[in-house]
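Inspection log for the structure reproduced underneath, given as structure tokens.
Since this is a predicted model, take the numbers as computed values, not measurements. Chain A is the first sequence line, chain B the second, and so forth, proteins listed ahead of strands; every chain is numbered from 1.
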Amino acid sequence: MPHDHHDHPHHDAPPDPMTERVRRLEAAMVAKGLVDPAAIDAIIETYAEKVGPKNGAAVVARAWTDPDFADWLRRDATAAIASMGYAGRQGEHMQAVFNTPREHNLVVCTLCSCYPWPVLGLPPVWYKSPAYRSRAVLEPRSVLAEFGLELPPGTRIRVWDSTAELRYLVVPMRPEGTEGMDAGALAALVTREAMIGTGLPKVPKRVPAGVPS
Amino acid sequence: MPHDHHDHPHHDAPPDPMTERVRRLEAAMVAKGLVDPAAIDAIIETYAEKVGPKNGAAVVARAWTDPDFADWLRRDATAAIASMGYAGRQGEHMQAVFNTPREHNLVVCTLCSCYPWPVLGLPPVWYKSPAYRSRAVLEPRSVLAEFGLELPPGTRIRVWDSTAELRYLVVPMRPEGTEGMDAGALAALVTREAMIGTGLPKVPKRVPAGVPS
Amino acid sequence: MNGPQDLGGAMGFGPVRPEADEPVFHAGWEARVLGLTLAAGALGHWNIDASRHARESLPPAVYHASSYYEIWLRALEALIERQGLLRPDAPVPHPRRLSAAAVPAAIAAGTDYARPVAAPPRFRRGDRVRARNIHPRGHTRLPRYVRGHVGRIEAEHGGFILPDAHAHGRGEAPERLYTVVFDGAELWGPDAEPGLSVSVDAWESYLEPV
Amino acid sequence: MNGPQDLGGAMGFGPVRPEADEPVFHAGWEARVLGLTLAAGALGHWNIDASRHARESLPPAVYHASSYYEIWLRALEALIERQGLLRPDAPVPHPRRLSAAAVPAAIAAGTDYARPVAAPPRFRRGDRVRARNIHPRGHTRLPRYVRGHVGRIEAEHGGFILPDAHAHGRGEAPERLYTVVFDGAELWGPDAEPGLSVSVDAWESYLEPV
């Protein structure tokens, strides 16, 4: 049964307490017919392999290259994103927020870990950490510095605390020097952090000749 | 050396981790000449045996029986209490607050465990607990109910959060049926809880004849 | 509730520590907890608001000492216990057990939390509003750090299920939802970083006109 | 700081559990920690405000999982470490080591925290004042639950050492201290118990006129 294949890095060591505790709970739930182990496997497979920040990167790259799509994304992010096949759990009510030279957007959930799963996958540990949740609304500039991101002093910061069922996707500004790139190449520049607001898109590796870096 | 006589309820069991941790710290501090074990013993002896709520009870009983002292206590609690020999650490700046039929006083320290040591000794665990510290300022009536104290609905509650170096002593109302009692007998009715505000003085065991209970 | 989950503005948690090349799960049991939580949710005995309330109702010492999926696990255990799903007399199998075949559709469908609200919006874009100074003992999604503070309505999103009711079996009680923006200095006074604004999404009953 | 010590109005900690016939100490090590803390304080390397700040600076998970004297112990360890009192090159014995004979006088004397302040009081009894909405990263004794709220000056106590400065080696910076009373409904809104008022003792710079 696949659900028995928990990771055992050391086969000669006893399983750790959490592994045991979860295994016991799952066994009891399976025995009572509450869950189907194969359904658990299917859920895990979805988020481990199918859904992740590549989805969001495709959305952002398309917004950079398709003004009509960008406009749709701004007006009705849920529908625009669903049109690309990214919809469902924890993305039922999407909102895209666009960075500008004057304002940088940052997303947090101070109360739990709300995060747009269909476009970004499951949140990283730091996003769920008390450090991030407590500080993002109070001292985002200090937080961004810990990600190596120093915004110009004149750039305002807008923090979106996801306190309801709206889920936020940050659309960063398209980097300079990407004029000749297509959506596929652009998507490779869009990191998860850029779509949360704790980072910026990567600078393209090869700057076209004649364009100052 | 007296400081080695930590409590060992089971002499055949290994000491618990906290005992070991404290013992190691003390040994290191003694070795560096930072502390004298006999001074530690003297401090412990002071608070384990000499200073406690009996001091405060004597103050309250005197206030009940000596109107001039009660007046002094109200005007300058530090001096009035010091005149009875109770002064010093964590009682440098005292304030006595008097219960009335209209208002009941309750003392807490939401930020740590401020408490009037010279008159009440060291605080009990519940006074230092997050449960008490968090709730006393928000829902004191619910807290008092957990002490078995139900105040009349019309009685206001005044909570004193000890956020500075002022230390509060609640002077409860003198119980009915105590008219013939002297200060010594009255002091035996004054509990620690009554002087924090989570209780009332005990009702005298023998009500004098002719006085309705 | 003013529980351990309400972290906005709290201090003492140290730096944020991004992890390079972070895996989706850090242990097999984390993946199982995710799967169990989603599959158990499909049984219909509780909703997302009740789940969140179960997590924030953990004792603060437990909440703060637990990793994220440990919090999920403890809340799942509590919900199962409360609903008696493992009791000897519970029917086997559960009539709403999620099958593997149904997983893709369930994930793709999600849950629509929007609900029609007949009454007109009480607030309009641009209105100044105050987040009410409420301290409910039960679930709420109005964080403590905005309560009592004045912001501006930026958007009205139509009706949504009200978590404060939904978490406690008091129905969906839908209300209009607003995005409310607060100036950093309004929230944090002289200790605010310059150029900061913070928004929350707030149900109508969380707000009062200024 | 908005640290784990700032508990007023927090929820989730369960009932208060008074203990019948409670002993002064529940273990021998608790008594030693009390004695060590007081004796180490007499060395003069830190003051009571720095001690409190060391306690509230423990990581919240540690603070909430620790018993009270465990918090004291961890803070004492941190202060000793920071001051380097156990370093090999520290003089032995410490020139200010507290002797057993000096203990009764030291306890009886305590520490006078009052200081003269020349300037006249900014506020008078009866004045309405607002607790400032400050969120300092360092030590403060203005709890979060009163910040931004309006109360009334009930008493003025003269000058006292300011903890916000004293905890951080910035001198005594004395200011006048006031008892400020808040109505329960002002602090807790519609969720306040009826007939409640709460006071804090607040330094002058914590307050602003209304």
Side-chain angles (χ1 to χ4, degrees), chain A residues 3 6-7 18-19 21-22 25-26 28-29 32-36 38-44 46-48 87-93 110-113 121-122 124-126 128-135 137-141 143 146-147 155-166, chain C residues 5-11 13-19 22 24-25 27-29 31-36 38-40 43 52 55 68 70 73 77 85-86 90 92-94 97-100 103 107-114 141 143 145 157 160 177 188 193 195-201:
Chain A
H3 66 291
H6 297 181
D7 62 342
M18 287 306 295
T19 298
R21 185 169 175 168
V22 174
L25 178 66
E26 178 168 348
M29 293 174 75
K32 290 297 281 183
L34 297 171
V35 298
D36 174 357
I40 311 298
D41 295 337
I43 293 168
I44 294 169
T46 302
Y47 292 106
R89 189 180 181 94
Q90 287 301 306
E92 297 91 345
H93 307 282
T110 62
L111 298 175
C112 49
S113 59
L122 298 176
V125 167
W126 64 257
K128 302 178 287 188
S129 71
Y132 183 72
R133 290 164 54 194
S134 58
R135 294 173 53 212
V137 292
L138 172 66
E139 45 182 24
R141 234 169 249 276
V143 170
E146 287 162 16
F147 283 85
T155 303
R156 291 185 52 85
I157 297 183
R158 163 66 179 272
V159 180
W160 302 78
D161 189 359
S162 313
T163 55
E165 298 305 333
L166 303 184
Chain C
Q5 87 291 355
D6 192 1
L7 287 170
M11 298 175 188
F13 292 99
V16 180
R17 301 188 185 280
E19 179 184 350
E22 181 174 344
V24 175
F25 300 105
W29 68 263
R32 302 314 289 179
V33 168
L34 174 84
L36 289 172
L38 269 55
L43 300 175
R52 290 190 182 126
R55 290 171 198 148
Y68 201 78
E70 192 175 338
L73 172 64
E77 290 170 342
L85 298 185
L86 293 176
V92 177
H94 193 287
R97 178 172 64 173
L98 183 70
S99 71
V103 164
I107 287 178
T111 306
D112 186 353
Y113 299 98
R141 295 289 290 183
Y145 75 90
H157 302 286
F160 275 81
L177 183 73
W188 309 116
E193 287 184 350
L196 168 66
S197 59
V198 180
S199 66
V200 300
D201 296 323

Please work out whether the ring planes of A:His93 and C:Phe160 are parallel, tilted or perpendicular, with thresholds of 30° and 60°.
->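 The arrangement is perpendicular - the two ring planes meet at more than 60°.
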How long is the gap from [atom1] on [X] to [atom2] on [Y], to the nearest 0.5 Å?
X        : Y        : atom1 : atom2 : result
A:Ser134 : C:Asp6   : OG    : CG    : 11.0 Å
A:Thr110 : C:Leu7   : OG1   : CG    : 7.5 Å
A:Gln90  : C:Ile107 : CD    : CD1   : 11.5 Å
A:Glu26  : C:Leu73  : CD    : CG    : 11.5 Å
A:Ile40  : C:Arg32  : CD1   : CZ    : 6.0 Å
A:Asp161 : C:Tyr145 : CG    : OH    : 3.5 Å

For a quick test of reading the model, state the closest non-hydrogen atom pair linking [X] to [Y] and the distance between them.
X        : Y        : answer
C:Ala100 : A:Ala42  : O-CB, 4.3 Å
A:Pro124 : C:Glu22  : CB-OE1, 3.2 Å
C:Gly14  : A:Ala131 : O-CB, 3.5 Å
A:Lys32  : C:Leu86  : CG-CD2, 3.6 Å
C:Phe13  : A:Pro130 : CD2-CB, 3.3 Å
A:Ala48  : C:Phe25  : CB-CE1, 4.2 Å

Highest number of heavy-atom pairs under 4.5 Å with chain A: which of C:Ala109, C:Ala114, C:Pro15?
->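 Looking at each option in turn, the highest pair count goes to C:Pro15.
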Name the option with the most non-hydrogen atom pairs under 4.5 Å to chain A; the candidates are C:Arg55, C:Glu77, C:Met11.
->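 Top count of heavy-atom pairs under 4.5 Å with chain A: C:Glu77.
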When you compare the side chain of [Y] with that of [X], does any pair of heavy atoms fall below 4.5 Å?
X        : Y        : result
A:Val137 : C:Trp188 : yes
A:Arg156 : C:Ser197 : yes
A:Pro140 : C:Glu193 : yes
A:Arg158 : C:Ser199 : yes

Is the side chain of C:Gln5 donor-acceptor paired with the backbone N or O of A:Cys112 at a distance under 3.5 Å, no angle test?
->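 Such a contact is absent between C:Gln5 side chain and A:Cys112 backbone.
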Sole candidate of A:Ile43, A:Ile44, A:Val35 that passes side-chain contact (heavy atoms from CB on, under 4.5 Å) when paired with C:Leu38 = A:Ile43
Salt-bridge contact C:Arg52-A:Glu165 (side-chain N to carboxylate O under 4.0 Å) |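 A:Glu165 and C:Arg52: salt-bridged.
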Proximity breakdown for [X] and chain C, heavy-atom pairs closer than 4.5 Å:
X        : answer
A:Leu34  : both
A:Val125 : both
A:Ser113 : both

Which one of A:Arg133, A:Arg135, A:Met29 has the most heavy-atom pairs closer than 4.5 Å to chain C?
-> A:Arg133
